[in-house]
Amino acid sequence: MEVRPRIAVVTFPGSNDDGDAAWALGALGSEAVPVWHEQPDLPDVAAVVLPGGFSYGDYLRCGAIGRLAPVMRSVEAFAGEGGLGLGICNGFLLLCEAGLLPGVLRRNASLRFVCRDVRVRVERDDTPFTSRCTVGQELVIPVKNGEGCYVRPEGLDPDQIVLRYAEGENPSGAEDDIAGVCNAAGNVFGLMPHPEHAVDPLLGSADGGLLLASLVDAARDRVAAAA
Amino acid sequence: MKAKVLVRPKEGILDPQGEAVANALRHLGFEVADARVGRLVELQVESASLAEANEAVARMCDQLLANPLIETCEFEVTE
């Protein structure tokens with residue numbers, strides 16, 4: 001039987017996509033392990049997912065307080081050692097505030113909350129999060145955010161841009177149409193669209209499943225390599 | 001000691017909130033060319049000296065109160 005790699009899904013006060021993320025990861029062949037934000041240590045897992053929603057009321061700036069949660073120190077250490085980390089929406093913001101990903105996310109240029117399917121273009125297929133995709137492929141995945149306007153740091157390596165909104169699709173005013181970026185080492189990835197809401201054609205699209213299944217593949221490889 | 005920390009959107013960074021405020025003021029009949037919306041944080045700091053407090057507040061700005069990519073941080077400490 002194929003190994004079901006264990007993937008942590010962290011719940012913060014205000015997370016609301018942890019359930020969907022855990023369900024999707026389970027449906028795609030992994031074992032989702034729930035982790036509470038107050039836990040100082042991560043369980044033995046092959047990857048960590050920070051799901052969408054809110055964190056600690058998102059006071060000050062989204063993710064600014066959440067990144068100080070006890071579990072985040074372990075997440076930082078895990079990612080620092082090359083562990084696989086995925087941040088979705090608010091999880092992406094947390095990774096940016098924690099300095100694990102470059103840039104920052106601000107209020108949408110429209111000042112409106114946006115909730116709709118968008119087309120995103122895959123810019124890299126050589127990451128642990130996009131191995132089941134091909135460069136140039138367009139995926140339909142929903143966004144739902146009020147603070148999705150990505151601002152990149154000066155001198156961001158273009159190679160770190162993994163996903164871009166397709167032409168005319170940018171829902172937030174994100175710079176350079178950036179929808180998802182990875183760190184320089186490529187083991188940490190964050191994106192504004194919600195792949196966990198697009199894993200079943202019944203709900204309009206299964207394209208998000210390609211990203212999450214890529215992560216499950218990579219996590220499985222890590223488990224096999226460690227065995 | 002008391003500290004007032006003023007966090008502002010950096011120059012050149014689009015401030016949609018400021019734009020919305022400017023528009024609303026124009027609707028009220030005011031002639032407003034531009035508005036930028038920042039944040040004022042008032043702190044009570046336990047500190048032995050003014051210098052120490054200044055140093056602590058500077059670190060607070062770096063570590064939490066502002067994101068240097070998009071915001072500037074100015075502060076004043078008084079006894």
Side-chain angles (χ1 to χ4, degrees), chain A residues 55-70 72-73 76 87 90 92-114 145-157 160 170-178 181 183 190, chain B residues 1-28 30 32-47 53-77:
Chain A
S55 53
Y56 293 89
D58 288 318
Y59 305 120
L60 204 59
R61 293 180 306 279
C62 286
I65 309 282
R67 66 136 173 136
L68 303 172
M72 284 304 289
R73 195 162 286 188
E76 285 165 32
N90 197 274
F92 181 17
L93 276 62
L94 280 164
L95 292 173
C96 287
E97 281 287 342
L100 291 171
L101 287 175
V104 60
L105 291 127
R106 304 186 63 226
R107 290 280 287 277
N108 292 345
S110 64
L111 289 180
R112 287 167 194 267
F113 191 91
V114 184
N145 65 64
E147 312 223 353
C149 178
Y150 183 76
V151 180
R152 63 183 168 185
E154 239 171 88
L156 174 70
D157 183 345
Q160 287 178 244
N170 191 335
S172 56
E175 286 185 359
D176 206 8
D177 294 327
I178 293 172
V181 293
N183 62 348
Chain B
M1 287 182 218
K2 288 182 181 168
K4 281 188 177 180
V5 182
L6 192 56
V7 181
R8 287 195 264 209
K10 252 188 182 172
E11 239 176 274
I13 290 275
L14 188 74
D15 179 20
Q17 208 178 170
E19 273 177 35
V21 169
N23 273 330
L25 290 170
R26 284 178 204 125
H27 276 296
L28 289 171
F30 294 104
V32 177
D34 190 27
R36 312 276 287 169
V37 175
R39 183 189 306 125
L40 175 69
V41 184
E42 292 183 319
L43 301 166
Q44 296 259 23
V45 192
E46 299 288 332
S47 205
N54 268 295
E55 200 256 339
V57 174
R59 280 190 289 130
M60 291 179 204
C61 291
D62 282 350
Q63 291 178 26
L64 181 69
L65 297 178
N67 186 319
L69 203 59
I70 50 168
E71 294 166 329
T72 59
C73 204
E74 284 168 46
F75 63 87
E76 190 185 9
V77 185

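Chain letters run A, B, ... following the sequence lines, proteins first, then strands; residues in each count from 1.
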Practice item. Start with the C-alpha gap between Phe92(A) and Leu101(A), add the side-chain angles, then the distance that decides, and say whether side chain to side chain contact (heavy atoms under 4.5 Å, CB included) holds. Key: CA-CA 8 Å; Phe92(A) 181 17; Leu101(A) 287 175; 3.7 Å; yes

Exercise for review: Determine whether Val5(B) and Leu40(B) make a side-chain contact, defined as any pair of heavy atoms from C-beta on separated by less than 4.5 Å.
Suggested key: no

Which N or O donor-acceptor pairs, by atom type, sit under 3.5 Å across chain B and chain A?
from, atom 1, to, atom 2, distance (Å)
Leu14(B), O, Arg106(A), NH1, 2.4
Leu14(B), O, Arg106(A), NH2, 3.3
Arg39(B), NH2, Leu60(A), O, 2.8
Gln63(B), O, Arg67(A), NH2, 2.2
Leu64(B), O, Arg61(A), NH1, 3.0
Leu64(B), O, Arg61(A), NH2, 2.9
Leu65(B), O, Arg61(A), NH1, 3.2

Review point. What pair of heavy atoms forms the shortest contact from Ala109(A) to Gly173(A), and how long is it?
Key: CB-CA, 4.2 Å

Check your understanding: Listed by chain and number, what are the side-chain contact (heavy atoms from CB on, under 4.5 Å) partners of Ala24(B), not counting sequence neighbours?
Key -> none

Revision key, fill the gap. Assert top hit (heavy-atom pairs under 4.5 Å, partner chain A, pool Leu14(B), Ile70(B), Val41(B), Leu65(B)) equals Ile70(B)

Practice item. May I ask you to test the Leu156(A)-Pro153(A) pair for a side-chain heavy-atom distance under 4.5 Å? Key: yes

**Study point:** Listed partners of Ala53(B) passing side-chain contact (heavy atoms from CB on, under 4.5 Å), at least two apart
**Key:** Met1(B), Ser47(B), Val77(B)

